[in-house]
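Notes follow once the structure below has been shown.
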Amino acid sequence: MIDSFGRTIDYVRVSVTDRCDLRCFYCMPENGIKQIPHSEILRFEEIVRIVRLLAKLGIKKVRLTGGEPLVRKGLPSLVREIKNIDGIEKVHLTTNGMLLTENLPSLVEAGLDGINISLDSLSEETFEKITHRSGVNKVLRSVDAALSYPELRVKINCVPSEINRNEIIPLTRHFLQNNRLSLRFIEMMPIGLGKECTGIPEAELAQILQSEFGELSNLPNEVGGGPSRYYKLGNLPGRVGFISAVSHAFCSECDRIRLTASGFLKTCLQYDTGEQLRPLLELSDEDLLEVLRQTILNKPERHCFSSKNGSGLEQHIMSQIGG
Ligand code: SAM
Ligand code: SF4
């Protein structure tokens with residue numbers, strides 16, 4: 001549907017859990033996290049019902065995220081059910097890759113269209129500094145396993161910061177050898193723990209990449225490609241992408257809403273505006289559809305990442321939102 005600022009909203013990111021098996025320093029504290037009780041997390045049938053109604057409003061693309069979506073059991077069956085909804089064209093997954101290899105066959109069989117795998121380092125030492133867990137080889141095996149399915153779109157997400165500055169070149173050299181891969185650098189966002197973290201801005205990153213690999217040359221934006229801008233880099237076969245919510249705000253083209261694990265329909269990453277749907281699930285489909293329509297209509301015009309505190313701003317951490 002079209003929101004009140006003329007934007008077409010056709011994409012929902014569904015967080016299926018707030019739990020995670022890693023503790024990335026910019027996303028989740030190592031200890032002391034207050035988890036949402038299981039009884040307050042949307043059941044799969046509730047998610048499917050909400051997505052079915054959203055599809056009536058024009059949502060076509062669904063991304064399953066978390067926390068770590070693969071720590072929730074039975075995810076392939078959710079993929080299958082969402083893919084079967086009239087109007088839903090694509091279902092994608094964003095994962096840290098730790099549990100992906102073993103889940104891939106059933107996810108692909110269920111109809112998954114694409115996977116974004118988050119990885120900030122090729123070195124185990126830096127991986128552990130960032131995630132407070134071990135497992136870089138597991139994630140690398142997952143990337144290879146995903147690439148063994150020619151029908152899957154595979155992208156790598158990396159959040160550059162001072163901790164993995166030395167990893168930018170090795171990651172780029174490694175992943176851009178493959179012409180099926182895009183490596184996307186996500187600018188650190190001042191949400192949750194990210195408010196206290198310093199990332200590497202796009203302009204500086206572009207300089208680092210160009211001095212090692214040669215010119216960045218603009219690629220045409222994909223239709224429905226979202227906020228990433230893609231480039232060829234020197235002679236490397238793969239593509240590099242930048243998602244720079246801070247230095248290149250993309251609010252005027254924002255096409256998305258978010259559904260949190262506890263059932264909050266969130267209309268902007270930065271603001272806490274939206275609607276808590278769980279108490280409204282008793283409504284008829286017709287009435288719930290109207291709530292969804294009104295909530296999307298009230299989507300804010302733009303974020304304001306320069307003001308990090310204030311009323312109405314999101315106070316949750318990223319693992320509770322889904323990225
Ligand atoms: N656990 C899965 C994963 O890591 O891919 C899915 C959820 S995670 C919240 C989704 C994405 O958000 C990841 O690519 C992660 O790097 C990114 N992210 C988390 N906190 C961030 C922050 N403060 N700024 C920018 N990106 C962030
Ligand atoms: Fe977990 Fe993903 Fe957050 Fe890292 S970014 S702590 S993997 S939810």
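Just follow the structure's listing: the first ligand is 1, and inside any ligand the first atom is 1.
Every atom of ligand 1 with a heavy atom of Gly194 under 4.0 Å away is listed here by number and element: 23 (N). Atoms of ligand 1 found under 4.0 Å from any heavy atom of Met318, numbered from 1 in the order shown, are 9 (C), 19 (C), 20 (N), 21 (C), 22 (C), 27 (C). Residue Val159 has at least one heavy-atom neighbour below 4.0 Å for each of these atoms of ligand 1: 16 (O), 26 (N). Using a 4.0 Å cut-off to heavy atoms of Gly66, the atoms of ligand 1 that qualify are 7 (C), 9 (C). Less than 4.0 angstrom separates some heavy atom of Gly67 from each of these atoms of ligand 1: 1 (N), 2 (C), 6 (C), 7 (C).
At least one heavy atom of Gly67 sits less than 4.0 Å from an atom of ligand 2.
Using a cutoff of 4.0 Å between basic side-chain nitrogens and carboxylate oxygens, Asp113 and Lys61 are not scored as salt-bridged. With respect to Arg165 and Glu162, a salt bridge is recorded, a charged nitrogen being found less than 4.0 Å from a carboxylate O.
Taking atom 1 (Fe) of ligand 2 as the reference point, the nearest protein heavy-atom neighbour is Cys20 SG, 2.3 Å. Nearest non-hydrogen protein atom to atom 3 (C) of ligand 1 is Ser118 OG, 3.4 Å. In this structure, atom 12 (O) of ligand 1 lies nearest to the protein heavy atom Gly323 CA, 3.8 Å. The protein heavy atom nearest to atom 3 (Fe) of ligand 2 is Cys27 SG, 2.4 Å.
At a 4.0 Å heavy-atom cut-off, ligand 1 touches Ile186 through the side chain alone. Neither the backbone nor the side chain of Leu193 has any atom closer than 4.0 Å to an atom of ligand 1 (non-hydrogen atoms only). Contacts with ligand 2 closer than 4.0 Å are made by heavy atoms of both the backbone and the side chain of Cys24.
The shortest N or O to N or O distance between Glu68 and ligand 1 is below 3.5 Å. Residue Thr95 places at least one N or O, backbone or side chain, under 3.5 Å from an N or O of ligand 1. For the pair Thr65 and ligand 1, the shortest N or O to N or O distance does not fall below 3.5 Å.
Rounded to the nearest 0.5 Å, atoms CG (Asn166) and CG (Leu171) are 11.0 Å apart.
Residue nearest to atom 23 (N) of ligand 1, selected from Met189, Lys195, Arg184: Met189 (by heavy-atom distance).
Hydrophobic clustering (side-chain heavy atoms under 4.5 Å, transitive across Ile, Leu, Val, Met, Phe, Trp, Tyr) keeps Tyr230 apart from Ile117.
Using a 4.0 Å threshold on non-hydrogen atoms, atom 16 (O) of ligand 1 counts as touching the protein.
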